[in-house]
Structures are given as C-alpha cells and as structure tokens.
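These numbers were taken from a predicted model, which means no experiment stands behind them. Both ligands and their constituent atoms are indexed starting at 1 by order of listing.
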Amino acid sequence: MITVLKSIIWGVIVLVWLTFPLSAAARGHVLVIDPAHGGKDTGVKLSRTVYEKDVTLAVATLVKKALSNVDDIKVRLTRSDDRDVSLAQRKKILEGSDADLFVSLHVNAGFGQKAEGYEVYYLGATIPSAQNDNSGEILKDMEQTERLNNSVLLAQIVHKEIGIVFPRQGRGLRDAPVLLLQSLTTPAILLEVGFSTDIEGRKKLKDTEIQKSVADALAKSAKKYFSTGGTS
Ligand SMILES: [Zn+2]
C-alpha cells in the first residue's frame, strides 16, 4: 500500500515538474481591454440611442475576436456586457488577470464642435525618489521606469496604427494623471478614440466597419508590442 502511495506521489511530482514549464510557456501574453463606462454610467452621448459605453464595448469585443486565433495573446475584458463596473472593480479584474498590457477605451467630448481626432494617454510622471538610497525603493523606481517605457512604447504603436484608420487625426501622446492608470504595475494606456461632439467623428464611431478597423488596429498594436520587446 505504502509503495503504491509512494509511486502515486512520485508520479504527481514528475507530472507537475514536466507540465509546469510547459504551462508557463503556453500561458502567453495577457492583454486586458477595458471598455469604459457601462450600465447606468453611459459615458458621453453619440446619438439618441448610442452612448460611449456602447462604442467602447463594441470595439473591445472586436479586439477579443480579432485576437482569438492568436495563440500567444489572451484577451480579457473588464466587462463583456452592459453593466456597471466601478473603477476599483476594473483594477481588481486587471490585477487578477496577471496582465502584461492594459488598454482602456473611451470616447472624448469637446466644448465645441471643432475638436476632432484621437488621443493616447499614459501615466508618465512618477514621484522621484532619487535621494532615497533604500534598495527596495530603487527596485520600485526601476519597475516604474520599465512600466513607463513600455506604456510609451505601446502608446506610440497604437497612435501610429489608429492613424491608418483615422489619417491626420492623431492628437498625439499625452502624459496625464489618469485616475484608472494610477498605482498600476502593468504597462497601460487610455485611448480616446474620437470626439462625440464632432459630427463627422461620431458618425464614424457608430459605424460598425470603423469599429472593426479600430479593433484590428489595436489587435495589430498588441502583436507589434509583444514582438518588439514590450515586457511586463
Ligand atoms: Zn469615458
């Protein structure tokens, strides 16, 4: 009996030892897409029936679909239907996903009808602690620098790829203290894909073909990011 038990235990150990490196390799990269707003929180209005929450969900769903046949990139969404998800819940989903990359999707609104185009935000400034000689702090600074570099790399790639869908509509990369991006350890960007207040822009954002092109551009960006050295 003891011998049987022993061989079972050894069998399990060998199995775990054999499969662990495999599963780590097979895990691939995890991209979390955050379709902003949802439920009662509609976001900005694009028409009588279409809101920001609908556009962000449509694009996010299409990104997931576009990458469904890419084995080494797994896509998770912070919501996959029309529901309220708090900022804290979104962060929790991200943290629980072991994510390598995070993209939050929004639609902008301007004060007038003149503002048009897309913007890519990243969280730049980190509090410098150069005077601090604590090695733990230095390590934290290095991690933050790496996260920042990777966020900028992703922002550059996304800005370029979305520019193919919306030529000459790029409003640039913007370093801003975006609340959702704060305290994240994952390289992250926030894409304001267009303006609801721009008549032409909102027409495009409601167009399912354009939504598909934006999603494809994001899918291509993720592939480029992971193949050009972006790490988590
Ligand atoms: Zn928004």
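Ionic pairing of Asp216 and Lys212 is present here: one or more N-O contacts between side-chain nitrogen and carboxylate oxygen are shorter than 4.0 angstrom.
Here the side chain of Lys53 pairs no donor or acceptor atom with the backbone of Asp41 at under 3.5 angstrom.
Taking a cut-off of 2.8 Å, the protein N, O or S atoms nearer than that to the Zn ion (ligand 1) are His37 NE2, Glu52 OE2, His106 ND1.
With 3.5 Å as the limit, one finds no donor-acceptor pair spanning the side chains of Ser80 and Lys64.
Residues Asp175 and Gly124 share a closest heavy-atom pair of OD1-N, 3.1 Å.
With Glu146 as the fixed residue, the side-chain contact (heavy atoms from CB on, under 4.5 Å) test singles out one of Asn149, Asn150, Leu148: Asn150.
Among residues at least two apart or in separate chains, there is no ring pair (Phe, Tyr, Trp, His ring centres under 6.0 Å) pair with a member in residues 160-202.
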